[in-house]
Amino acid sequence: MNSLTRTENQALARAVLELDVNNHAGVMSHVVGLFSRRAYNVEAILVMPVGNGQTSRIWLLVNEDERLEQMVKQVEKLEDVLAVRRHGAEHEVFIRLEEFFR
Amino acid sequence: MSREAPESLSGAQIVVRLLERQGIRTLAGIPGGAILPIYDALSASKLIHHVLARHEQGGGFMAQGMARATGRPAVCMASSGPGATNLLTAIADAKLDSIPLVAITGQVPRAMIGTDAFQEVDTYGLSIPITKHNFLVGSAEELLQVIPRAFQIAASGRPGPVLVDIPKDVQNQVVEVAEWPAPGGADPLPPPAADLISRAAEMINGAVRPILYLGGGVVHSGAAAAAVALAEKASLPTVMTLMALGAMPVDHQLSLGMLGMHGARCTNLALDECDLLIAVGARFDDRATGKVAGFCPQAQIVHIDIDPSELDKIKTAHVGIAGDVGAVLQRLLPAVDGARREAWLARVATLKAEHPLRTPGIDDPRTPYGLIRAVADCLDDEATITTDVGQHQMWVAQAYPLRRPRQWLTSGGLGTMGFGMPAAIGAALAEPQRTVVCFSGDGSILMNIQELVTAAEEGVNVKIVLMNNSSLGLVFQQQTLFYGERIYASKFKGMPDFVRVAEGFGVPAIDLDGVSDPRAALAAALSARGPMLIHAGIEMREQVLPMVPPGAANKDMIGG
Ligand SMILES: Cc1ncc(C[n+]2csc(CCOP(=O)(O)OP(=O)(O)O)c2C)c(N)n1
Ligand SMILES: [Mg+2]
């Protein structure tokens, strides 16, 4: 997984996942644990509280592979995950962020 | 919420009161510094009987035994640090077999969390991947939501273990309680999609060689009778996973018994020929399917499961129905046609006649199968059977005439040696009217041998049948078959005198090897009340057959 070259990596199809979650300690661990135990790399993460801070939104950029469908179902099962939406790589959230990584 | 006069209560007292209100009457655990406030509050409870385990893993498996026998969430407790880490195996085991468990652990006071305080471990972090959900409680007030919620999560949908980690200062914090929350129970589920039920029914009605494949979910859902009714109406030959044994009586006309790695040849061959597989509360575990590409290669698949993430996980279903399997089966039953399926049933009967499960020695109580049969002959279907893990477990799964859901308690998904005896104690505590028999091995029994004294102390009606082959038999068998007979680290050189060990713990014991009439000795031992260890020597080279070699397709099984 981690031995992919940069070019190989860029050639992979990407997906953006948008999660509505409860905002308290531990929720991130529950989410990313599902990926790490499957050696499924998360390429990018963005989290911000929403509204009054009761909930947060997590954005994940991941490689599109045959396990993604199962990953999404597993994420949906987490008690603190309220909703999961799946977008294509063209979603702007990480593209706009790139400015901060130059 | 129910209103009563406001009371000032500590977090610990709130926990105990909430457990009482949940209907918990027995729980198992071991105290320690970080959970002492809860134990102090427990000492004042007139309703809860605390069973003192001798190792937290034993306590966890006792709670599992209660939960597996009754289907209701059961509770175990441990202190922080080593108490919590000792509990982890029992929690992981509950996760893989979908057993409702609420584990309560003490934690160091909040102000000391993260300082490497004495007996501090990150119990929350450690338990994330092995629980359905977990909590680190931040205040005594919060307990009023968290405890009922823990029971609700454990029991709802696909059941599973929930861990509640409670810092010591939260246990000591005193708050006013004016209202009590309702006890947590299983959430009602939305009814299954009607169009999918009709499509499944059409597929069943149109199938020529269908097989019904029952998993542990059928037992959890209380759907065994509905599954048998469906099989009978539509004439469906039926296979069961290790977890589902008992859902359909093994001697039912339509039963093909257990499938998979140690299933009968006829069972796996019938699956190889089927044109429709109706999977109910089963998850296509690798021990059941063998090489997935070779599992039911000609079959269309109807998959019914309460957990949507199980659908299409291993095998893509032609119709996948997410829902409580009991509710789905109830709706499916009127939608399927009564069918006789004479040709297919005749074909299955031929397979059964040509390739039955071979049980050499079944009439000789000094062989594995014969011993298991002799034990069964002394008991009726009211007895509960637990096992440890190894050859003995598979022999019992193959040969014990299981006929009742929840009659059979075994560690399926995690396959944990050390499960059997404490689980039997838990089952006997939950249902004291039953005889509980634990089939164990000379390797497994030592993994929780300390609970013999708990069995003696509680006077539980647990009979341990110790099948002693002086080896880690299943390992020995694999080395014999697949590692060029290079037997390494699987033959015991030292062997405890198990009869004296048991007696030393206060449990009476007999040695079947030393008696002239083992059947009579068994009958006497199994009819006495209270704990008992029954030791029986087994020839080391005995194998569990047939066996699907690791990585092979089920139809390529060896032996048997
Ligand atoms: C805790 C644990 N450690 C190791 C194993 C691997 N293992 C599976 S079966 C087995 C041998 C069990 O020996 P015994 O209890 O004597 O049963 P037998 O196979 O001899 O009947 C071992 C070591 C396991 N399942 N569980
Ligand atoms: Mg052994």
Side-chain angles (χ1 to χ4, degrees), chain A residues 1-2 13 15-42 45 47 49 51-60 62-87, chain B residues 92 95-96 98 102 107 110 113-114 122-139 142 145-146 148-165 167 184 187 283-284 292 303 305-317 320 322:
Chain A
M1 243 335 9
N2 296 328
V16 171
L17 301 181
E18 178 186 4
L19 283 58
D20 295 334
V21 302
N22 290 324
N23 179 17
H24 60 76
V27 177
M28 274 301 275
S29 284
H30 280 94
V31 172
V32 297
L34 291 178
F35 288 85
S36 60
R37 70 173 286 194
R38 293 173 173 83
Y40 198 134
N41 194 38
V42 177
I45 304 183
V47 197
N52 63 4
Q54 291 268 52
T55 62
S56 297
R57 188 156 304 147
I58 302 179
W59 297 90
L60 302 175
V62 296
N63 288 329
E64 177 92 64
D65 78 23
E66 74 282 359
R67 297 171 301 171
L68 187 57
E69 180 111 2
Q70 176 64 206
M71 282 307 321
V72 170
K73 286 181 176 177
Q74 292 293 340
V75 173
E76 283 172 336
K77 284 207 297 184
L78 293 174
E79 287 300 322
D80 284 314
V81 172
L82 310 171
V84 181
R85 288 174 292 276
R86 196 167 153 175
H87 308 279
Chain B
K95 178 80 178 344
L96 277 171
S98 305
V102 175
Q107 182 54 277
R110 277 173 302 172
I113 288 180
D122 176 9
T123 305
Y124 181 85
L126 284 169
S127 57
I128 287 174
I130 56 166
T131 52
K132 190 172 170 193
H133 192 55
N134 60 354
F135 296 93
L136 173 56
V137 183
S139 69
E142 233 177 87
Q145 288 103 53
V146 168
R149 184 93 183 101
F151 280 89
Q152 183 186 15
I153 293 170
S156 294
R158 179 180 186 166
V162 178
L163 181 134
V164 184
D165 197 29
D187 294 325
R283 59 182 177 85
F284 295 81
V292 176
H303 192 179
D305 202 282
I306 198 163
D307 179 353
S309 75
E310 288 301 343
L311 306 176
D312 304 334
K313 183 180 85 174
I314 305 289
K315 274 265 200 192
T316 306

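Just so it is clear: chains get the letters A, B, ... in the order the sequence lines come, proteins before strands, and each one is counted from 1. On a predicted model such as this, the values are computed, not experimentally measured, just so you know.
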Fill in: Check: Lys73(A) side chain, Asp307(B) main-chain N or O, donor-acceptor pair, under 3.5 Å
no

Discussion item. Taking the ring centre of each residue, are His30(A) and Tyr124(B) less than 6.0 Å apart?
Written reply: yes

Item to complete: For a side-chain contact (heavy atoms from CB on, under 4.5 Å) with Ser309(B), tell me which candidate from Glu69(A), Met71(A), Gln74(A) qualifies.
Response: Gln74(A)

Worksheet item: Between CG of Leu78(A) and NE2 of His133(B), what distance do you get to the nearest 0.5 Å?
Response: 8.5 Å

Worksheet item: Between Glu79(A) and Arg149(B), is any pair of side-chain heavy atoms under 4.5 Å apart?
Response: yes

Discussion item. How about CZ on Arg86(A), more than 12 heavy atoms from neighbouring residues, nucleotides or ligands closer than 6.0 Å, or not?
Written reply: yes

Fill in: Lys77(A) vs Arg158(B) side-chain heavy atoms within contact, under 4.5 Å
yes

